Amino acid sequence: MLTKPDLLRSAALAGVAAAGAQSSQAWAQWSERPGFFKAKDIAEAGFIYGLPMVMAYGVMNEYAVDKSSGQYKAPFNTLFNEARVFTYEDTAVITPNSDTPYSFAWLDLRAEPLVFSVPAIDPKRYYSLQLNDLNTYNFGYVGTRATGSDAGSYMIVGPRWTGVTPAGIKKVFRSTTDFCLGLLRTQLFDPADIEAVKKIQAGYKAQPLSSFLNQPAPSFPKFEKDLVRTEFFEYLDFALQFAPALPEDRWIREQLARIGVGPGKSFDFRSLSLEDKAEILLGMKEGERKVSEAVATLGKDINGWRVGAPFGDAAFFHGDWLMRAAAAKAGIYGNDAVEAMYPLGKVDVDGKELDCSKSKYTLTFPAEQLPPVNAFWSVTMYDGKTQLLVKNPINRYLINSPMLPHMKCGSDGSLTIYVQNKSPGADKEANWLPAPDGPIYVVMRLYWPKTTPPSILPAGEGTWKPPGFKRAS
């Protein structure tokens, strides 16, 4: 966890602040302008604190605001059913799941609450509604594990709502921000099962608590991914107005206000002096470096996999902004450990980075040692550079447990997955996980993991260990 002394360590160096340059006109309006390097440290801390919020805003902008984004789904408070699994063409969210068809609803809770209604679903089919806000906190679950398979209605309210819960609502979930995402996952057993999934999705509903809206929609700044490096704090400045400060936020919010970032502020990077720009850019660069390092060390190293549980609600993170930022960068909108575990594989059993331009790999599960789950599991391939799914000749992005009847096991009952750029041959293609001709990483997903041995839980300490990748050539 990044502490206050860590965040402002440079400011304690004797003479540094005194050596700082004079305030620019752009900063003259602030009564307590930080000295040289101190602002850099505030920018570093602010980058780490704000990265998940800016990433979440980027997804919200592409899905619910910018109709020209190429990833647009539907306007706010409208449920959009995606009656397919994700492919390499889905680029708004990094490390996307290709297991389950999604249903999305970005919610604007400023005027009134929203009600999600779900139909009765066969208990054999896993589904979940994950509620995630602009802080990237998972603040609630509806679904097979959390609430069962019966029909029901659930109300989602904003941070300032004080109304009365009406009859017919099974549970109320409170977001810490005015905007949040309802993310529904519905299990698909096989390609022929898609029509059954469509019928279930048609039974999902998202609707305002009343039939009227009493506040106008905000004007959203266009989100350009390549502008984040220079306009990061402008995006954060905009997002913070919809995220009331929690107790653990107050100190960092005070520091951000000193460089002109926060509700009621209007940060403008372009208007700063060259010296002030340098401080902000240095801070963001250092923050980005720390986040990248934290991603590489999330969880515990087990046979080349990073096994951890870096997703949760506000109480789970408890002000650990570095872990929150690392979790968002590794795979924003990840589930709580009890809902799903995500072992991340970037190296082989010898600790060398996975690169299918240099090697072929095998991943072998011994007999009776497949991932222990109550729902299902999958192994998904990603491009190491883009963090997205990989275009391939057989349109296969993952191997999962529903595919087992069509796969080939060894004479000893083991299951081997072939991870490589080209087909391993017709006799092995059923077990082929296509890879790009370059660096890769692989995510294993265990939905509703078992809690009794063998289990991957507690994260990094469980009795079940994922097998490692072995070089085949």
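Predicted, not measured: the structure shown is a model, and the values here were computed from it. In this chain, residues are counted from 1 in sequence order.
- Residues Phe365 and Trp377 place their aromatic rings such that the two centres sit under 6.0 Å apart.
- Residues Pro449 and Ile456 approach most closely at CB-CG2, 4.1 Å, considering heavy atoms.
- Within 6.0 Å of NZ in Lys360 there are 12 or fewer heavy atoms belonging to other residues, nucleotides or ligands.
- Distance check, rounded to the nearest 0.5 Å: CD of Gln201 to CZ of Phe80 gives 9.5 Å.
- With Val379 as the fixed residue, the side chain to side chain contact (heavy atoms under 4.5 Å, CB included) test singles out one of Val419, Leu433, Leu398: Leu433.
- Between the side chains of Gln71 and Thr91, at least one donor N or O sits under 3.5 Å from an acceptor N or O.
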Check your understanding: Would Gln207 and Ser117 satisfy side-chain contact (heavy atoms from CB on, under 4.5 Å), going step by step from the backbone distance to the final call?
Key -> CA-CA 9 Å; Gln207 54 191 329; Ser117 298; 4.3 Å; yes

Point to revise | Derivation of the side-chain contact (heavy atoms from CB on, under 4.5 Å) call for Leu109 and Leu114 | key: CA-CA 7 Å; Leu109 302 173; Leu114 265 286; 4.1 Å; yes

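- A centroid separation of less than 6.0 Å is found between the aromatic rings of Phe469 and Trp305.
- Counting only distance, with no hydrogens or angles, the side chain of Arg445 and the backbone of Met341 share no donor-acceptor pair below 3.5 Å.
- Taking 4.5 Å as the limit, some side-chain heavy atom of Phe116 sits within range of a side-chain heavy atom of Leu79.
- Panel note: side chain Ser98, backbone Tyr397; no donor-acceptor pair is recorded below 3.5 Å.
- Paired with Tyr63 under the rule ring pair (Phe, Tyr, Trp, His ring centres under 6.0 Å), one option of Phe104, Phe220, Phe179, Tyr333 passes, and it is Phe104.
- Put simply, the side chain of Thr386 gets close to the backbone of Leu388: a donor and an acceptor are under 3.5 Å apart.
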Exercise for review: May I have the step-by-step check of salt bridge (Lys or Arg N to Asp or Glu O under 4.0 Å) for Glu195 and Lys198, ending in yes or no?
Suggested key: CA-CA 5 Å; Glu195 293 303 318; Lys198 288 180 181 179; 3.3 Å; yes

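- A distance below 6.0 Å separates the ring centres of Phe223 and Tyr235.
- Remark: Lys73 engages Glu82 in a salt bridge, criterion side-chain N to carboxylate O under 4.0 Å.
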Practice item. Evaluate salt bridge (Lys or Arg N to Asp or Glu O under 4.0 Å) for Glu353 paired with Lys346, printing each intermediate quantity in order. Key: CA-CA 6 Å; Glu353 291 189 2; Lys346 288 190 173 183; over 6 Å; no

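- In this structure, Pro101 and Ile194 have side chains that are in contact, with non-hydrogen atoms separated by less than 4.5 Å.
- For the pair Pro467 and Thr364, the minimum side-chain heavy-atom distance is 4.5 Å or more.
- Looking at every heavy atom in both residues, Val118 comes nearest to Asp150 through CG2-O, 4.3 Å.
- The distance from atom OH of Tyr127 to atom CD1 of Ile200, rounded to the nearest 0.5 Å, is 10.0 Å.
- Across all their heavy atoms, Glu112 and Pro208 have their closest contact at OE2-CB, 3.5 Å.
- With Asn303 contributing its side chain and Pro466 its backbone, the two residues share a donor-acceptor pair below 3.5 Å.
- Looking at Leu134 and Cys180, their side chains never come closer than 4.5 Å, going by heavy atoms from C-beta outward.
- A donor-acceptor pair under 3.5 Å links the side-chain atoms of Asp133 to the main chain of Tyr137, judged by distance alone.
- In this structure, the side chain of Ser378 does not engage the main chain of Asn400 through any donor-acceptor pair within 3.5 Å.
- Side chains of Trp464 and Leu446 form a contact here, defined as non-hydrogen atoms less than 4.5 Å apart.
- In this pair, Tyr342 and Phe311 present their aromatic rings perpendicular. The plane angle is above 60°, beyond the 30 to 60° band.
- In this structure, the side chain of Trp106 does not engage the main chain of Pro75 through any donor-acceptor pair within 3.5 Å.
- A donor and an acceptor atom, one from each side chain of Tyr441 and Thr95, are located under 3.5 Å apart.
- Taking the six-membered ring where the residue is Trp, the centroids of Tyr154 and Tyr141 are separated by 6.0 Å or more.
- When side chains are defined from C-beta on, Met53 counts as touching Leu236, because their heavy atoms get closer than 4.5 Å.
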Practice item. Might you work through the salt bridge (Lys or Arg N to Asp or Glu O under 4.0 Å) test for Asp348 and Lys470, ending with a clear yes or no? Key: CA-CA 6 Å; Asp348 61 23; Lys470 295 183 179 179; over 6 Å; no

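- Using a 4.0 Å cut-off between a side-chain N of Lys or Arg and a carboxylate O of Asp or Glu, Asp122 and Lys124 do not qualify as a salt bridge.
- Side-chain contact, Lys171 with Thr147: no donor N or O sits under 3.5 Å from an acceptor N or O.
- Residue Thr144 comes nearest to Pro123 through the heavy atom pair CG2-O, 4.2 Å, listed as atom of the first residue, atom of the second, then distance.
- Residue Glu429 comes nearest to Ser423 through the heavy atom pair OE1-OG, 2.6 Å, listed as atom of the first residue, atom of the second, then distance.
- The ring of Phe47 has its center closer than 6.0 angstrom to the ring center of Phe232.
- In this structure a side-chain-to-backbone donor-acceptor pair under 3.5 Å is present from Arg306 to Thr297.
- Side-chain contact, Asp336 with Asn138: a donor N or O sits under 3.5 Å from an acceptor N or O.
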Practice item. Could you give me the CA-CA distance, side-chain angles and deciding distance for Arg185 and Asp99, then say whether salt bridge (Lys or Arg N to Asp or Glu O under 4.0 Å) is met? Key: CA-CA 9 Å; Arg185 297 173 173 92; Asp99 285 293; over 6 Å; no

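- Aromatic ring orientation, Tyr447 versus Tyr126: tilted (interplanar angle from 30° to 60°).
- By the 6.0 Å and 45° rule, Arg324 stacks over the aromatic ring of Tyr49.
- Contact record, Lys329 with Val291: CD-CG1, 3.8 Å, taken as the closest heavy-atom pair.
- Leu184 has its side chain out of reach of Tyr102: every pair of non-hydrogen atoms, C-beta onward, lies at least 4.5 Å apart.
- Using a 4.5 Å heavy-atom threshold, the side chains of Pro159 and Thr176 count as separate.
- Using cut-offs of 30° and 60° for the angle between ring planes, the Tyr57 and Phe238 rings count as perpendicular.
- When atom types are taken as modelled, the side chain of Asn431 and the backbone of Lys408 share a donor-acceptor pair closer than 3.5 angstrom.
- A salt bridge links Asp90 with Arg84: the distance from a Lys NZ or Arg NE/NH1/NH2 to an Asp or Glu carboxylate oxygen falls below 4.0 Å.
- Checked against the 6.0 Å centroid criterion, the rings of Phe139 and Phe173 do not qualify as a close aromatic pair.
- Proximity of a side-chain donor or acceptor of Asn392 to a complementary backbone N or O of Asn395 within less than 3.5 Å is detected.
- Between Glu461 and Lys300 there is a salt bridge, since at least one side-chain N of the basic residue sits less than 4.0 Å from a carboxylate O of the acidic one.
- Ser103 and Asn81 share a donor-acceptor pair across their side chains, judged by distance under 3.5 Å alone.
- Rounding to the nearest 0.5 angstrom, the gap separating the CG atom in Asp108 from the CZ atom in Phe76 is 6.0 Å.
- Evaluation of the ring-ring contact (aromatic ring centres under 6.0 Å, His included) rule for Tyr361 yields no partner, not counting sequence neighbours.
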